[in-house]
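Worth saying up front: this structure is predicted, and the values here are computed from it rather than measured.
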Amino acid sequence: MILVQCQGLSKHYGNKKALNNVSLTLEAGAPIALVGPNGAGKTTLFSLLCGYLTPSAGTVRILGEAPNSPTLLGQIAALPQDATLDPNLTIISQLSFFARLQGMDSKQANQEALRVLNLVDLAEVAQQKPPSLSHGMSKRVAIAQALIGSPKLVLLDEPTAGLDPANAKKIRELVRILSPTTTFVISSHNLDELEKLCDQVLYLDKGELSQSISMRSSNSGSDYLTLTMQSCDSEALIQAVGQIAGVVNITSKQAHVFVIQLDDTANRHYEFETALLALFKQQHWQYKMLLKGRTLEETLFS
């Protein structure tokens, strides 16, 4: 099912092109990553999808409808990075209010507020006010608000920014659990996190969509391996591994992490890995991780 379709989408502020001629199609399914440097146009794209802004040119369709169409009520939700709740009202009263804005009666709204709080494992804070919550708990409550009504599409802007590892893990697990019924588009600078969650990756730069890749497709049958060592002499390792049969190239752009390209000979990975482990034993080198394919960082910026 096609959730989002943009054709020639642009947004200009005077002479500044915040978004320039972006065309993309997003289908329901696994979470989608939106990445790019600050000022690349990510927030502008989210705002256009939500109908907060009107495009300077091009078209946007969400589930076949224009943004702000009444038929999209409850079907799309967004969580800005700096989203906050009213400090003077209880969590349950605020979430219930948002549910009533979607057309629920008081009883339904209260039940829905408790349902989404249970999703983020925070039902016990229902009667508390936002100032009593930690930063991580506040972020999870904000995500609960975005889940009211079980929307088909949820846009998350830096959902784990500033969170401790435990709270960040809870949010990742929530996204995984809900992905069969809700498609998440996640904007973040944390490439390691996005790599764990997402398949499709959209890369915006200077308002233009410069890359759209599928991690699953790019690493399926990949002739690349990513090797992370505990510690080693990088020059000696590159020289030694480069001499193993089938190695086309080996590079290192960060300490103790190496990207190895193999030729496409059948069973080459098995033969190479056997030879590699033998080399480690001989040299008393310890490796931390050997992954098929390249990391998201390497795929985007190689």
Side-chain angles (χ1 to χ4, degrees), residues 3 28-34 43 46-47 49-52 62-63 72-188 190 193-194 196-198:
L3 288 180
I32 299 162
L34 179 63
T43 299
F46 273 8
S47 297
L49 293 180
C50 291
Y52 303 152
I62 312 292
L63 293 168
L72 293 178
L73 182 64
Q75 300 299 303
I76 178 173
L79 175 65
Q81 180 180 354
D82 55 357
T84 58
L85 295 172
D86 191 315
N88 301 308
L89 300 175
T90 64
I91 301 299
I92 189 70
S93 64
Q94 295 187 66
L95 296 186
S96 296
F97 172 73
F98 290 128
R100 293 199 67 181
L101 289 178
Q102 293 191 19
M104 301 180 195
D105 61 33
S106 296
K107 182 178 179 181
Q108 291 172 330
N110 192 70
Q111 291 174 340
E112 180 64 5
L114 289 174
R115 183 188 73 85
V116 295
L117 282 173
N118 273 303
L119 283 177
V120 298
D121 197 25
L122 284 177
E124 72 276 6
V125 307
Q127 300 301 328
Q128 296 183 34
K129 295 181 179 180
S132 68
L133 305 182
S134 68
H135 176 62
M137 294 170 72
S138 296
K139 179 74 79 169
R140 286 155 57 197
V141 169
I143 290 177
Q145 182 250 308
L147 298 175
I148 290 173
S150 300
K152 290 186 172 64
L153 176 65
V154 176
L155 311 176
L156 299 178
D157 190 3
E158 295 286 354
T160 62
L163 297 190
D164 60 77
N167 275 296
K169 182 179 179 182
K170 286 182 179 180
I171 290 175
R172 288 196 300 269
E173 290 175 346
L174 177 65
V175 169
R176 287 194 188 95
I177 290 170
L178 297 180
S179 287
T181 55
T182 298
T183 299
F184 293 87
V185 180
I186 305 171
S187 173
S188 177
N190 189 336
E193 179 174 81
L194 294 176
K196 296 173 184 176
L197 284 173
C198 304

- Message: Taking the side chain as everything from C-beta on, heavy atoms only, tell me whether P151 gets closer than 4.5 Å to I76.
- Response: no

- Who pairs with R115 by side chain to side chain contact (heavy atoms under 4.5 Å, CB included), at least two apart in sequence or on another chain? E112, L119, S150

- Separation between CG of L49 and CG of L153, rounded to the nearest 0.5 Å: 7.5 Å

- Kindly compute the distance separating CG (L155) from CZ (F46), expressed to the nearest 0.5 Å. 4.5 Å

- Query: Closest approach of K170 and D121, non-hydrogen atoms and distance?
  - Reply: NZ-OD2, 4.3 Å

- Item | L163 CG to T160 OG1 distance, which is reported to the nearest 0.5 Å | 6.0 Å

- Message: Please check: side-chain N/O of E193 versus main-chain N/O of N190, any donor-acceptor pairing under 3.5 Å?
- Response: no

- Side chain proximity check, L89 to K129, heavy atoms < 4.5 angstrom: no

- Query: Do L122 and M137 have side chains that get closer than 4.5 Å, going by heavy atoms?
  - Reply: yes

- Message: I want to check something: taking the side chain as every heavy atom from C-beta on, are L147 and V154 in contact at a cut-off of under 4.5 Å?
- Response: yes

- Message: Counting C-beta onward and ignoring hydrogens, is there a side-chain heavy-atom pair between N110 and S96 closer than 4.5 Å?
- Response: yes

- Query: Taking atom types as modelled, is there a side-chain donor on T90 or S93 under 3.5 Å from an acceptor on the other?
  - Reply: yes

- Item | Side chains of S187 and E158, donor plus acceptor under 3.5 Å | no

- Task: Given side-chain hydrogen bond (donor to acceptor under 3.5 Å, both in side chains), test S106 with R100 step by step and report yes or no.
- Result: CA-CA 7 Å; S106 296; R100 293 199 67 181; 3.2 Å; yes

- Message: Would you say that I186 contacts P159 through its side chain, given a criterion of any heavy-atom pair below 4.5 Å between the two side chains?
- Response: yes

